[in-house]
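Side chains are part of it too, since the values below use all heavy atoms of this structure and drop only hydrogens, waters and symmetry mates. Quick note on labels: first sequence line is chain A, next is B, and so on, each numbered from 1.
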There are 2 protein chains.
Amino acid sequence: MSATEGVRARARREITEAIKGEARRQLAEEGGAKLSLRAVARELGMASSAVYRYFPSRDDLLTALIIDAYDSLGAAAEGAESEVAAASDATALSRWIAVCEAVRGWALTHPHEYALIYGTPVPGYRAPRTTVPAAARVGLLLIGIARDAHRGPAGLSRTPLPEGLRPEAVRMTADLAPDLPPEAVVALVAAWSELFGLIGFEVFGQFHQVVEDRAAFFRHAAARLAHEVGIAFPGAAPDA
Amino acid sequence: MSATEGVRARARREITEAIKGEARRQLAEEGGAKLSLRAVARELGMASSAVYRYFPSRDDLLTALIIDAYDSLGAAAEGAESEVAAASDATALSRWIAVCEAVRGWALTHPHEYALIYGTPVPGYRAPRTTVPAAARVGLLLIGIARDAHRGPAGLSRTPLPEGLRPEAVRMTADLAPDLPPEAVVALVAAWSELFGLIGFEVFGQFHQVVEDRAAFFRHAAARLAHEVGIAFPGAAPDA
DNA sequence: CCCAAGCGAGAGCACCGCTCTCATTTTCCG
DNA sequence: CGGAAAATGAGAGCGGTGCTCTCGCTTGGG
C-alpha cells in the first residue's frame, strides 16, 4: 500500500471508469438493449476479451451502470432538495415539489438511464443487493420531507385506512418510518410509486398527443401527490 | 375468392398465428429482450429465413405482440368492468376498482407482455400508429366511468386548477372528454398514469421488501385514485 | 530475484438478425 | 386449360454479438 497505491491498481480503476464512461455514452445514444461489449472495446481500442477482465459479463456492466444511474438520480434529487430547503421561505410542499421536479428533470435528461432503472428489468429478473442503497435515496428523501411536515403544525395524512390494510400498514410503518402515522406511510409509498408512473409515462411517450404542457401538468400532479400524503402549508391553495 | 378463401391465405393466417404463439411462449419464458426469430423458427421446424415472409423484421414481430398485448389487456379490463357493471349494486367506484384490479391482475399474470407495453420501449423509440387504438382501451374505460359518475348526483373532482394549467386543461378536455369538467380530466389523466406507476412498481419488483400485502395496498391506492378523480358514492368511506 | 498473479491479444464457438438466390408450389388470367 | 406471375420455403452466407480459452508479456510481492 504505497503512496502511489500501485501503478496497476490505479490503471485498473481508470480503465474500469473508461469502460463505464464509454458504455454510458453508447447507452445515451442507442439505449440499453443495444449496448455492446465489443463496441465499447472497439471504441476504447482494446480487444473485446480484455473487457472481461473488468466486467465478467455484459449484464455486470449493465448492473454497474444501473448503480451509477441510481446514484446520479439520487444526487440530483438531494441537491435540488437541499437547495430549496436552504431558502428562507422553504416549506415541506416546496421541498416535495423540488424533489419531484428534480427526478422528472433527471429522467428527461437521461431517458435511457431512467429506462435502465425504472423500465423493464434487463435480463430475466435482476436486482443485486448492491443496488438497494442507491435505489432507496429518492424514497428516503420523500420520507424525510414527510417527517418534517409531520413535526410541523399542520400534521399529515388523514385518510383512514380500511381494516384489511391496517396490519400491513403497521408493518410498513415499522420498516420505513416508525415515527410517522401508518396512514401517512401508506400514502407515502403510494405517492412514491405514482410519481414514477407520471414520469415513466412522460419519458416513455405515453403522454404523446395527450398531455402537451407537461411541465405544468406534472407540477400540478406532484402538488396533488403531496396533498395526498398530507403535506401542505396551513390555509393555502394546493399549487404554487 | 372461393368459399375456402384460398388454401394459401388460410395457411398464411395459421402460420402467422403459430409464429406469434411461439413467440409469445418464448416471451413469457425469457422476456422480450431475448426473443429470437431463429429460435422461433427452429421450434416451428422452419428455416429462419421463412419467418421473414411473415414478419419483415424482429421488431415487427414485437410490434404485433405489443398490439396483441394491448388488446388482451383491454379485453380483460373491459370484461371485468362490464361484469361488475351488470350487478345491481354497481357504483362508479366499484367499477373503477374493478378495472384497476383487472389491469393489475393481467399485469401480474403476463409480466413480460406488460413489460412490452408499459416498460422500456424495446428498440430505439417505436410506437407505430397502429398500436394507438388498442393502447387507448383502458384509458377510455376509465373516462367512461368518470363520465357516468359525473352524470350521477355526486358530481366529480373539485380540486381547482392553477392558472398556468388552465389552457392545457381546456385543450385536454376538448380532446379527451368535452362533456367533463377540465378539473376532472386533469385528475383523470394523472390517475391513469399513476395507476400504472403502482402496477409497474409491483410487476418490476420495486415493492420487494417494501409492500407485502400488495393486493390490499393496491385496492386502497386504487380507491384513493378514484377519490382524486372525484368518483365516490354519496356519504361512504373511500374503501370497499 | 524469481515466481505467481494480473493483464492484453487473438482465435474460435455458438448464436443472432438479415439478405440473397434458387427451386417449388399455388394462384390468376388469357 | 395452360402458362405466366406471384407466393413460399430452404439453404448459404455476411457481419455482428457474448463469451471462452490459450498464449505471451508485465507487474508486484515474498
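Counting to the nearest Å, the P atom of dG17(C) and the CG atom of D60(B) are 13 Å from each other. Following rounding to the nearest Å, Y52(A) (OH) and dC19(D) (P) show an atom-to-atom distance of 4 Å. One atom, CD of E43(B), and another, P of dC16(C), lie 11 Å apart when rounded to the nearest Å. Following rounding to the nearest Å, F55(B) (CZ) and dC18(C) (C1') show an atom-to-atom distance of 16 Å. Rounded to a whole Å, the CG atom of L37(A) is 16 Å from the P atom of dG16(D). Counting to the nearest Å, the P atom of dC18(C) and the CZ atom of R58(B) are 8 Å from each other. When rounded to the nearest whole Å, the span between CZ of R13(A) and C1' of dC7(C) equals 17 Å.
Side chains of V189(A) and F207(B) form a contact here, defined as non-hydrogen atoms less than 4.5 Å apart. In this structure, R137(B) and D71(B) have side chains that are in contact, with non-hydrogen atoms separated by less than 4.5 Å. Inter-residue side-chain proximity for W192(B) and I143(B) is flagged as unmet; no heavy-atom pair is nearer than 4.5 Å. R10(B) is not listed as a side-chain neighbour of V7(B), based on a closest heavy-atom distance of 4.5 Å or more. Contact annotation: the side chain of L188(B) approaches that of L180(B) to within less than 4.5 Å [non-hydrogen atoms, C-beta and beyond].
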Which pairs, protein N/O on one side and nucleotides 12-14 of chain D N/O on the other, fall under 3.5 Å?
{"unit_1": "dG13(D)", "atom_1": "O6", "unit_2": "R38(B)", "atom_2": "NH2", "d": "3.4"}

Show the distances under 3.5 angstrom between N or O atoms of the protein and N or O atoms of nucleotides 4-8 of chain D.
{"unit_1": "dA7(D)", "atom_1": "N3", "unit_2": "R8(B)", "atom_2": "NH2", "d": "3.2"}
{"unit_1": "dT8(D)", "atom_1": "OP1", "unit_2": "R12(B)", "atom_2": "NE", "d": "3.1"}
{"unit_1": "dT8(D)", "atom_1": "OP2", "unit_2": "R12(B)", "atom_2": "NE", "d": "3.0"}
{"unit_1": "dT8(D)", "atom_1": "OP2", "unit_2": "R12(B)", "atom_2": "NH2", "d": "3.0"}

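Checking each of R219(B), R214(B), R95(B) against E101(B) for a salt bridge (Lys or Arg N to Asp or Glu O under 4.0 Å) leaves exactly one that passes, namely R219(B).
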Name every donor-acceptor pair, under 3.5 Å, that has one atom in a side chain of residues 194-203 of chain B and the other anywhere in the protein, sequence neighbours excluded.
{"unit_1": "E202(B)", "atom_1": "OE1", "unit_2": "R104(B)", "atom_2": "NE", "d": "3.0"}
{"unit_1": "E202(B)", "atom_1": "OE2", "unit_2": "R104(B)", "atom_2": "NE", "d": "3.3"}
{"unit_1": "E202(B)", "atom_1": "OE2", "unit_2": "R104(B)", "atom_2": "NH2", "d": "2.8"}

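Using a 4.0 Å heavy-atom distance criterion, L44(A) is classed as making no nucleic acid contact. Residue L61(B) is out of contact with every strand shown, counting any heavy-atom pair closer than 4.0 Å.
Phosphate contact (OP1/OP2 of dA10(D), side-chain N/O of R42(B), threshold under 4.0 Å): absent. Within the structure, every side-chain polar atom (N or O) of S36(A) is placed at least 4.0 Å from both OP1 and OP2 of dG16(D).
A pairwise comparison of heavy atoms in I117(A) and A69(A) identifies CG2-CB, 3.9 Å as the closest pair.
Minimum atom distance to the side chain of A50(B) is reached by dG9(D), of the listed dG18(D), dC18(C), dG9(D).
Of the charged side-chain nitrogens involved, at least one lies within less than 4.0 Å of a carboxylate oxygen, so that R25(B) and E29(B) count as a salt-bridged pair.
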